[in-house]
Chemist: 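Got a structure for you, questions after.
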Amino acid sequence: MEISSRYNPSQIEGKWYAYWMDKGYFRSVPDGRKPFTIVIPPPNVTGVLHMGHILNNTIQDILIRRARMQGYNACWVPGTDHASIATEAKVVHMLKEKGITKKDIGREEFMEYAWQWKEKHGGIILQQLKRLGISCDWDRLKFTMDDSLSESVIAVFVDLYRKGFIYRGVRMVNWDPKALTAVSDEEVVYKEVQSKLYYVRYQIEGSEGEYITIATTRPETILGDTAVCVHPDDERYQHLKGRRVLVPLLNRSVPLIADEYVDPVFGTGALKITPAHDINDYQLGIKYKLDTINIFNDDGSLNESAGLLVGMDRFQAREAIIPLLEAGGYLVKVEDYVNKIGYSERTQEVIEPKLSVQWFCDMQSLAAPALEVVMKEEVRFFPDKLKNTYAHWMENVKDWCISRQLWWGHRIPAYYLPNQEVVVAATQEEAYHIALEKYPELKLRISDLRQDEDVLDTWFSSWLWPITVFDGMRYPENEDIRYYYPTSVLITAPDIIFFWVARMIMAGMEWRGEIPFRDVYFTGMVRDKLRRKMSKSLGNSPDPIDLMDTYGTDGVRMGMLLSSPAGNDLMFDESLCEQGRNFNNKIWNALRLIKGWKVDDKQAMPAHARIAVDWFDARFNQVLAEIDDAFLKYRLSDALMSMYKLIWDDFCAYFLEIVKPPYQQAIDTETYQSACANLGRLMQVLHPFMPFITEEVWHALYGEEKGDIVVSSMPQTQAYDAKIIHTFAFSIEVVEQIRRLRTENNIAPKQRLDLFILYHDKEDVFKEVISKLCNLSAVYETNSKREDALSFVVHKQEFFIPFSNAININVEEEKAKLQEEINYLQGFLTSVEKKLSNPSFVQNAPEKVVDVERKKQNDARQKLSLLQEKIERLK
RNA sequence: GAGAUAUUAGCUCAGUUGGUUUAGAGCGCUUGCUUGACAGGCAAGAGGUCACAGGUUCAAAUCCCGUAUAUCUCACCA
């Protein structure tokens, strides 16, 4: 049957994925083999596939498929996380379009809508990931709000509370006025922005006409001022010590205080203090017992306490207050100013520091063992430079704000009693019993308990992921957790090293007394070729599904991987996928060639084929060893590049070209079988990278005879003959010289040539290989130099190709070429001799090194004299 | 502001404890080819004072110091 000259992935990929699923090849249950386990970094249920997912999941799939073929019990657990803020925002938005607000319907009904939304939209990214070919055990699919995981999250909260790590308190938190919730320090992204510095003067109380001028970037917060502060040693303000000042527009009298916190050289050296809306001011407020006036509503608009501009948004108020200050004669000047502003990672809204009651988790004692296991490399980081970043964060770790003012998530299991006391317990019933025992005098009914309205940070469930996906929190001795934990490797991005990686290690140490994974492979960030981060707003990210349609999934996987050394950002360019597609096409055509041969079992194996078969066997094992080594170091793009060259150059350009029979002639059985076996084992090594085409080629070669490649045994490195590789490489150098002479002298490929070899230092060469690849009629050895011949030197041997009438040699070009080579060798020789004539080199350098230099000198001298002789003859 | 990491061909990157013929790869580029698997191809070729300035050493892309630039992390002064 005719096979298309172009590989068409669309007809092949879907077929094999369905087939593998049907056969249950991705299913894993504990058995006697060694496990190789990966838990997926759960994408958001709100997520859609982007290039980062392609990178991350391709890498995981490569590792898991390779492990499966190496005989491990490979288990890749898929799942999604509930993404409190993002999902709740989606649901709120959806309800808003129906004219419904959260308050209208209350918590229970809202949750019903949210679950409906999740059922409808939450699986999109998983379907998209299947298109990528990923070999997860889909029977193990988990969601962070599944019952078993939710129960575990609550149990962990209760456990930490009882251990005294979790507490509730009033703190200045990062408030997201759009999402209407507090977020953790890690969820705040600081960006430099162009803003303005306003100089505003405050009248000294009781001294008409006397003022002190402050500088601020947030004039609207003047309405919440409760002090002005200067440096105690500032000469300019000594006379004002102990006085009070009047807040502009409000004429509120507030103290003028002195504290070393103020930098006298910044602005005017005088600082307005708004304890409710700035973390530093808050500290000063506590120190000097200042009033705290909260002038903002939760959504960032001004409230009644502001006294002015009530109801206006904080940014509008910032503009609106300027004319008021100007009119009152308070505004001194305005300067342009660049400062850093914190934004919410989730909503991109400007963070408002806000005082509120939140739940916190004390991280210090959790951090200590987690730091140690990374420093001791029980958990290894790839690249290991991230150990520094990790250590720095761990050593300065702050308490974690874990409550979120949302409904979608794990509701905090804290119950308030009528006497304002709080009881923490896994269920209301349990809390009730504890409360009864503790406060019998209250004569409580269960309905007197009021549960905390807030939910937990999504990361508070994610940090348990490697344990909870195996239900190891509720059943610490169950078979799955004992078999699969610790997992083998985690693949993730460096930007969540604190959010997630660090906390998973803490959780692993705390509840299992064991690391959650042995290795962490940090991928880089996918950027466009202009080094810009790929983002929706820039529109510079290709749609991965479109890419897979255009180049095939295997092509996209290769394109993604080609330029992604661990930890380095990668500049993604569609042309890399094109390279991947072209590679598929190359493989496809190698298959077409082999399948097109007629096999004749009476035919003997030619000498050149014998050499090719033996050489390729050695070469294959040599490269296989390189690839094994690359995998140990997680250098996957190196491993793939080695495969690319092994297939394209060694297999196609040399092996196949050598064994290929002349047109319409048959091939002998042994060579044919060897060609098939070689292509087959190349496909096996390539399979983890390109699962679809390799399965297709495997079946085209063997039918059903050898089963499916996805579960076949990965070839293992065998000892190989290094000498045959060397001799072959030398032969190829000769081939390249002959081809160069053909090109430079316009000798047609069909013109058959003779070759004479003059050995000056006997060295093995594969004459049959040269003959086949260069279309020679004969190869002779000779003892004398040939006149009337083109000639060249490789290593120390001379080669001659006699002229014939048909050849028009280009003497000038040949001379120029020779001269260039002579110049190079002379320069080289000079540098070598300079070393050798240096007595301290000969004395101090190891004997081996000196010997190498002497050999270089000899070789260069010999070759130089041969070349000089040749150039003389051409004159 | 503090720290970390980097800077090698037009682009993206290798170069493993200093010595392996005066630096390698892929892509791109130039030239020539419909050569009976593949033009999504074949063949040949060009292209780098290893960011800059010092130092250590018999010997430096590789080690040390400084400068510049870039990226990241942490902190943050209104």
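A note on names: the letters A, B, ... follow the listed sequences, proteins ahead of strands, and every chain is numbered from 1. What's counted below: heavy atoms across the whole structure, side chains too, no hydrogens, waters or symmetry copies.
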Chemist: If you look at every strand shown and take non-hydrogen atoms under 4.0 Å, does A:Arg6 touch a base, only sugar-phosphate, or nothing?
Modeler: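 The residue A:Arg6 makes base contact.
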Chemist: Select base, sugar-phosphate, or nothing to describe what A:Tyr190 touches, counting heavy atoms under 4.0 Å on all strands.
Modeler: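 Counting heavy atoms under 4.0 Å across all strands, the contact made by A:Tyr190 includes a base.
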Chemist: Any strand counts, and the cut-off is 3.5 Å on both contacts for Watson-Crick or G-U wobble. Which nucleotide pairs with B:G47?
Modeler: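 Answer to the pairing question: none, since B:G47 forms no Watson-Crick or G-U pair.
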Chemist: Would you say A:Tyr644 reaches B:C27's phosphate, i.e. side-chain N/O to OP1/OP2 under 4.0 Å?
Modeler: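 Yes, because at least one side-chain N or O of A:Tyr644 sits under 4.0 Å from OP1 or OP2 of B:C27.
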Chemist: Examine the base of B:A37 for any acceptor or donor lying under 3.5 Å from a partner atom in the side chain of A:Glu657, and report the outcome as yes or no.
Modeler: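 By the distance-only test, yes, there is a pair.
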Chemist: Taking only N and O in the side chain of A:Arg635, is any of them less than 4.0 Å away from OP1 or OP2 of B:A25?
Modeler: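 So the side chain of A:Arg635 is outside the cut-off, no N or O lying under 4.0 Å from OP1 or OP2 of B:A25.
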Chemist: Are the charged groups of A:Glu335 and A:Lys196 less than 4.0 angstrom apart, N to O?
Modeler: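 Looking at A:Lys196 together with A:Glu335, the answer is no, because their closest N to O distance does not fall below 4.0 Å.
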Chemist: What is the base-pairing partner of B:C74, counting Watson-Crick and G-U wobble geometry with both distances under 3.5 Å?
Modeler: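 Per the H-bond distance test, B:G1.
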Chemist: Just name whichever nucleotide pairs with B:C42, Watson-Crick or G-U, keeping both distances under 3.5 Å, else none.
Modeler: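 Partner of B:C42: B:G32.
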Chemist: Classify the nucleic acid contact of A:Asp859 as base, sugar-phosphate or nothing, counting any heavy atom under 4.0 Å across all strands shown.
Modeler: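 It contacts base atoms.
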Chemist: So A:Ser184 and A:Glu187, side chain to side chain donor-acceptor pair (under 3.5 Å) or not? Walk me through it.
Modeler: CA-CA 5 Å; A:Ser184 69; A:Glu187 286 163 294; 2.9 Å; yes
Chemist: So does A:Trp648 get a side-chain nitrogen or oxygen closer than 4.0 Å to the phosphate oxygens (OP1/OP2) of B:C42?
Modeler: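 For B:C42, OP1 or OP2 has a side-chain N or O of A:Trp648 closer than 4.0 Å.
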Chemist: For the residue pair A:His795 and A:His726, categorise the inter-ring angle as parallel (less than 30°), tilted (30 to 60°) or perpendicular (more than 60°).
Modeler: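 Ring orientation of A:His795 relative to A:His726: tilted.
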Chemist: With both distances under 3.5 angstrom, what nucleotide forms a Watson-Crick or G-U wobble pair with B:A37?
Modeler: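 Checking every strand shown, B:A37 finds no partner, since no pair has both distances under 3.5 Å.
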Chemist: Please tell me if A:Lys398 has a side-chain N or O lying less than 4.0 Å from either OP1 or OP2 of B:A75.
Modeler: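 Yes, such a contact exists.
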Chemist: When you measure from the centre of the six-membered ring of A:Tyr343, is the NZ or CZ of A:Lys191 closer than 6.0 Å and no more than 45° off the axis?
Modeler: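 Yes; both conditions hold, so A:Lys191 lies above the ring face of A:Tyr343.
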